[in-house]
Protein chains: 2
Amino acid sequence: MVMSTKKTGRESAAPGAAVGDSPIARLCVKHGLKMTGQRRVIARVLSEAEDHPDVEELYRRASELDSRISVATVYRTVRLLEEKGILERRDFGGGRARYEASENGHHYHLIDIDSGNVIEFENDELVGLLARIAAELGFDLMSHRAELFGRRTTSGKKKDAPPGAGGENDSSPGRA
Amino acid sequence: MVMSTKKTGRESAAPGAAVGDSPIARLCVKHGLKMTGQRRVIARVLSEAEDHPDVEELYRRASELDSRISVATVYRTVRLLEEKGILERRDFGGGRARYEASENGHHYHLIDIDSGNVIEFENDELVGLLARIAAELGFDLMSHRAELFGRRTTSGKKKDAPPGAGGENDSSPGRA
DNA sequence: ATATCTGCAAAAAGTTTGCTCTACG
DNA sequence: CGTAGAGCAAACTTTTTGCAGATAT
């Protein structure tokens, strides 16, 4: 098992994309999408996001970088990227869809039911098992999610708890 | 892996509840809720549901039994029962919330992303793995959920397809 | 050149709510 | 009886869309 480390940096340039483009912008190019100014900004915001922003939040962040962007465009972009498999839509309740880059790798959430902290983790064994289950039911697994709700073990038998890897503390709480 | 078998039957009567009441109606009484005619009907519809109806579908089914029911009441009831822990709200994409009785026991969902159909399954191996993961992170697993989003395998290489056990055929298709 | 994309504003779609009247306990 | 609940319609929230003008390739 591996605790997630989100990558925000950029790799080498790709043909057809401007050199400063974000990873997601390059994916857009690869998928044959036109790279408008707005789209480039939204792609960058998405690439740099370390949380799970909803459309409103994406709009806010994108607007800071370039005010000539409308919500409708964010909605359209996010939908387009989801269809291309570049983005994944998440539903943590609260009525609005939230997004994260597929390239961030699949990770899961363990929620500490006492503190509310969210711990992200990856687990290849889990991916494999879920894919196998889907296959047994006659499906190709396109995406999936798993959320664990747990309580710290009282005994100090904890095996693995990387210090800074814990609570992500996303912005939007449920509609309490 | 075991396909689920929902229980729809009724147990013995409870004090304070009318004899013909559905299991969920009895839970309502137990929680101190007034049992109006409408609520009783909605409770019954929920108790008898073997799928994951959204509000519109609940409204349709309830209206068939008693036409004096409004959508607003369905919304209110469903929300109330969720707060009481009697119902669980599910988000399978497609924009609408869907509900199922908590008493139906633990199972997982595989959503056909093309049709919106939901297949339920149980899997002990999955439970074990998730518990182990939680333990490795220093937690006792209190509850969890897993949802798979898949697409029917094009090739006929399906391994395991119990003829009548599969497609539950929930009503709402994704927003295709 | 031209198909794609954007902004704007209007419209959908889903859900909540204020108010008044009804009816459960 | 008193208060939770129901109906109705209007309000809200989130997301989609039609159209005219802009722009990347």
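Naming convention: chains lettered A, B, ... in sequence-line order (proteins, then strands); numbering from 1 in each chain.
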> For nucleotides 11-13 of chain D, which of its nitrogen or oxygen atoms have a protein nitrogen or oxygen under 3.5 Å away, and what is each distance?
none

> Can you pull every protein N or O that's under 3.5 Å from an N or O on nucleotides 1-3 of chain C?
unit_1	atom_1	unit_2	atom_2	d
C:dA3	N3	A:Lys34	NZ	3.1

> Of all residues at least two apart in sequence or in a different chain, which pass the salt bridge (charged side-chain N to carboxylate O under 4.0 Å, His left out) check with B:Glu125?
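Checked B:Glu125 against salt bridge (charged side-chain N to carboxylate O under 4.0 Å, His left out); matches are A:Arg132.
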> Would B:Arg44 and B:Glu48 pass as an ion pair if we require N to O under 4.0 Å?
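Result for this pair is yes, salt bridge flagged.
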> Give the rounded distance in Å between these two atoms: NZ of A:Lys84 and P of C:dC5.
9 Å
> Answer with yes or no after comparing the ring centroid distance for B:His52 and B:Phe92 against a 6.0 Å cut-off, counting only values under it.
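Yes - the distance between ring centres of B:His52 and B:Phe92 falls below the 6.0 Å cut-off.
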> Write down the distance between OH (B:Tyr59) and C1' (C:dT15), rounded to a whole number of angstrom.
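Rounded to whole Å, this separation is 15 Å.
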> So, using side chain to side chain donor-acceptor pair (under 3.5 Å) as the criterion, who are the partners of A:Ser143 when residues are at least two apart?
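A:Ser143 satisfies side chain to side chain donor-acceptor pair (under 3.5 Å) with no other residue.
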> Round to a whole Å and report the spacing from CD1 of B:Ile42 to C1' of D:dA4.
15 Å
> Between the side chains of A:Glu122 and A:His107, is a donor N or O closer than 3.5 angstrom to an acceptor N or O?
no
> Between B:Glu100 and B:His109, does any side-chain donor sit less than 3.5 Å from a side-chain acceptor?
yes
> Heavy atoms only, 4.0 Å cut-off, all strands: where does A:Arg76 land among base, sugar-phosphate and nothing?
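It contacts base atoms.
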> Atom CD of B:Gln38 to atom C1' of D:dA4: distance rounded to whole Å?
12 Å
> Round to the nearest Å and state the distance from B:Arg79 atom CZ to C:dT15 atom C1'.
9 Å
> To the nearest Å, give me how far apart CZ (B:Arg39) and P (C:dA23) are.
15 Å
> Take the protein atom OH of B:Tyr75 and the nucleotide atom C1' of C:dT17, then report the distance between them rounded to whole Å.
13 Å
> If you assign each of B:Gly95 and B:Leu33 to its closest nucleotide in DNA chain C, which residue comes earlier from the 5' end?
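Its nucleotide being nearer the 5' end, the pick is B:Gly95.
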> Could you tell me which non-hydrogen atom of B:Ala62 sits nearest to which non-hydrogen atom of B:Val41, and how far apart they are?
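For B:Ala62 and B:Val41, the tightest heavy-atom pair comes out as O-CG1, 3.7 Å.
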> Which residues satisfy the side chain to side chain donor-acceptor pair (under 3.5 Å) test with B:Glu147, sequence neighbours excluded?
A:Arg145
> Could you state the CG-P distance from B:Leu80 to C:dT15, rounded to the nearest angstrom?
17 Å
> State which residues pass ring pair (Phe, Tyr, Trp, His ring centres under 6.0 Å) with B:His106; sequence neighbours excluded, sorted by chain then number.
B:Tyr108, B:His144
> Is the phosphate of C:dT6 approached by A:Ser70 (side-chain N or O, under 4.0 Å from OP1 or OP2)?
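No, no such contact exists.
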